[in-house]
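Have a look at the structure below, then the notes.
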Number of protein chains: 2
Amino acid sequence: MDQAKGPREGRAIGKTNDVNADLIAVVVAVNDAGPCVLTIEQGAALPSGPFELAHRSLQSSLRAWVELQTGQPLGYIEQLYTFADRDRTGGNERVISISYLALTREEDAGASGRRSWASWYDYFPWEDHRSGRPPMLEELWPRLIEWAQGADDGATRFDRRRRAAVAFAMDDRAWNEELALQRYELLYEAALVEEAKRGGDSAILAPVPGRSMSADHRRILATAIARLRSKIKYRPVVFELMPPLFTLLQLQRTVEALSGRLINKPNFRRLIGQQELVEKTGATTAETGGRPAQLYRFHHAILDERPVAGTKLPLARA
Amino acid sequence: MDQAKGPREGRAIGKTNDVNADLIAVVVAVNDAGPCVLTIEQGAALPSGPFELAHRSLQSSLRAWVELQTGQPLGYIEQLYTFADRDRTGGNERVISISYLALTREEDAGASGRRSWASWYDYFPWEDHRSGRPPMLEELWPRLIEWAQGADDGATRFDRRRRAAVAFAMDDRAWNEELALQRYELLYEAALVEEAKRGGDSAILAPVPGRSMSADHRRILATAIARLRSKIKYRPVVFELMPPLFTLLQLQRTVEALSGRLINKPNFRRLIGQQELVEKTGATTAETGGRPAQLYRFHHAILDERPVAGTKLPLARA
DNA sequence: TCCAGTTATAGTCAATGCGATTATAAGGGC
DNA sequence: GCCCTTATAATCGCATTGACTATAACTGGA
């Protein structure tokens, strides 16, 4: 790692292209109220901090300051995306933002100061299909169609119409929960979210329901949601969000909270049982209302054994 | 995007943490010889260049200088990973490297100057299973076992042994082509690749067959291979590597080159046919030796229609 | 000219995966 | 004791897909 790279074309010798590097964290937890994200400024922004030179790596730097600020250890951490914004400061200075997805358990959050947990679906109300299709979708469709019609040429109209139809399950298509990012980007492009106004686009209609965030933080949150919804299908990351002991229904509710859709209970139990991801503790809990449920724990040993194709979940078809 | 972010804890006011940002490109093409990567320095490094402030975004900056250097347009571009190395210059200066995967067609490469195409499997000979399991694997296994045995405590010995067994298909396990990165990391950890020596680790055995690269470029290449092998299974990115017209066998050979394993021919054709990813052109070619084959082209319209779960390929099981 | 070899293309069979449904067990509250 | 809840087990059937077989069409050599 400590070797020089040798000559490279394109490098302007002597000219510095210095930038600042920021780390942005999407810290996710799931509680009874649903999937939550750690926010600052009363839910208007994601926690972020500068990449300190003192740290060993980007990941350890992120881990350090998030744990310092929230007092909670982060379990799973995954890099989301790196982007560079020119217009942040206006000058020659430029900021590179490296966003991360982190999973944790809420527990003793302590809500210290300005930090608080906010529900995903406050920001993306159209993403929660656990109680059936949200009624707001039917009000959204005509606005998207109107946007598609407003294109200059026919090809663009057709393309917009199709993208909207695929992303938002128009024309009796199946809802695909993994398209959370595409949906937000489409709403941004159609100037139907509040963030789109900030570019100076004046001719804007009333934004669609859903809280906005400062800068592009809502877009980063959408990226995290899409990534997580995809990941839980083939890697056992859900368990980072679970307490040490849990019932199978609690596990199912967590997956449902993340994916935003309901799962068939017997099939979920069968799939969890087939893979050796959990093991019985013998203990039971009667806090669930009906018949007492077995308490399970995560079978850690399986982690290395199944590097890919881990947690298959019955989320395949609609 | 041009909003101030507001106050943030952890930010050391007035202290600059300036860094340099480098872009590293893994440019992939497939020809008759197999899967290739664009290299500089006679195959010892990946092309890389600084992120210029003048450019609109990271991606456009990468696209610009790669196309400038190679004369080839890059089709698909995807961000791989961002990392920060402290020990590069030794001083306070730090470099953030943002790596990308790009797909293109070789064609008029022109091999201008010091750039050339090199086969993937020159760097990772253990990854090519198209002619059956490479014999070198059987020489590799005992060395990995020896490394596992060399651990201090029993738990680590057991863990090393299991990770090696999973990654390298020991004990009659199935070969998983998507574990290319884990395999390289394991060999690095076991000090069985030349790169591991550079850290000052003196007690090193003879490295395993396979060309090394400068810095951590071979690790980045392994990341790209693993990502691509995973991606072709659910997104139709293979077509970025194909000429405008191609036969189904050519398409199959390309997928096989990338995944490093053979595919059952009738099943491949069935899966390609079921999804409407290609369309017949009516033309045929007799250059294939036997019965003339139909020439197909990629059905572009399908791209937006299948945002996820696109190209399902018969690569599921062993 | 016929035959062998090569590739293209279509079709069959069986095992498996998985979505949907039903049935039974075990607790609590009124 | 009845009815509610939830837990847990078992079954049915369709769709996917891995493995295999058969036929078609062309080239080149004996």
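In the text below, chain A, chain B and the rest are named by the order of the sequence lines, each starting its count at 1.
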To the nearest angstrom, the CD-P distance between A:Gln250 and D:dT6 comes to 13 Å
B:Leu295 atom CG is separated from C:dT9 atom P, nearest whole Å, by 9 Å
A:Asn264 atom CG is separated from C:dT21 atom C1', nearest whole Å, by 8 Å
Checklist entry - Distance under 6.0 Å and angle within 45° of the ring axis: does A:Arg229 meet both against A:Trp120? => result no
Side-chain contact check for A:Pro266: nearest option of C:dG19, C:dT21, D:dA7 is C:dT21
To the nearest angstrom, the CZ-C1' distance between A:Arg253 and D:dA7 comes to 12 Å
Which of A:Glu178, A:Glu256, A:Glu177 passes salt bridge (Lys or Arg N to Asp or Glu O under 4.0 Å) with A:Arg261? It is A:Glu177
Whole-Å distance, A:Ile272 CD1 to D:dA7 C1', equals 16 Å
To the nearest angstrom, the NZ-C1' distance between A:Lys265 and D:dA10 comes to 16 Å
| query | Would A:Asp128 and A:Arg133 pass as an ion pair if we require N to O under 4.0 Å? | reply | no
Picking from D:dT8, C:dA20, D:dA19, the nucleotide nearest the side-chain atoms of A:Asn267 would be C:dA20
Quick note, B:Leu271 side chain, CB onward, closest among D:dT17, C:dT9, D:dG18 is D:dT17
message: Tell me whether B:Arg130 forms a cation-pi arrangement with B:Trp175, defined as NZ or CZ under 6.0 Å from the six-membered ring centre and within 45 degrees of its axis.
response: no
Distance-only donor-acceptor test, A:Arg270 side-chain atoms vs C:dG17 base atoms, 3.5 Å:
no
Would you classify B:Leu248 as touching base, sugar-phosphate or nothing, given that sugar-phosphate means primed atoms plus P, OP1 and OP2, and contacts are heavy atoms under 4.0 Å?
nothing
Taken to the nearest whole Å, CZ/A:Phe246 to C1'/D:dT6 is 18 Å
Check: protein-nucleotides 23-28 of chain D nitrogen or oxygen pairs below 3.5 Å:
unit_1	atom_1	unit_2	atom_2	d
D:dA24	N3	B:Arg291	NH1	3.0
D:dA25	O4'	B:Arg291	NE	3.4

**Report entry** Side chains of A:Val166 and A:Asn176 in contact at under 4.5 Å (non-hydrogen atoms)
**Finding:** no
From CZ of B:Arg269 across to C1' of C:dG11 the rounded distance in Å is 13 Å
More than 12 heavy atoms from other groups under 6.0 Å of CG on B:Asp32 = no
- prompt: Do B:Tyr76 and B:Glu78 meet the criterion of a side-chain donor-acceptor pair at a distance under 3.5 Å?
  reply: yes
Of C:dT21, D:dA7, C:dA8, the nucleotide closest to the side chain of A:Ala293 is D:dA7
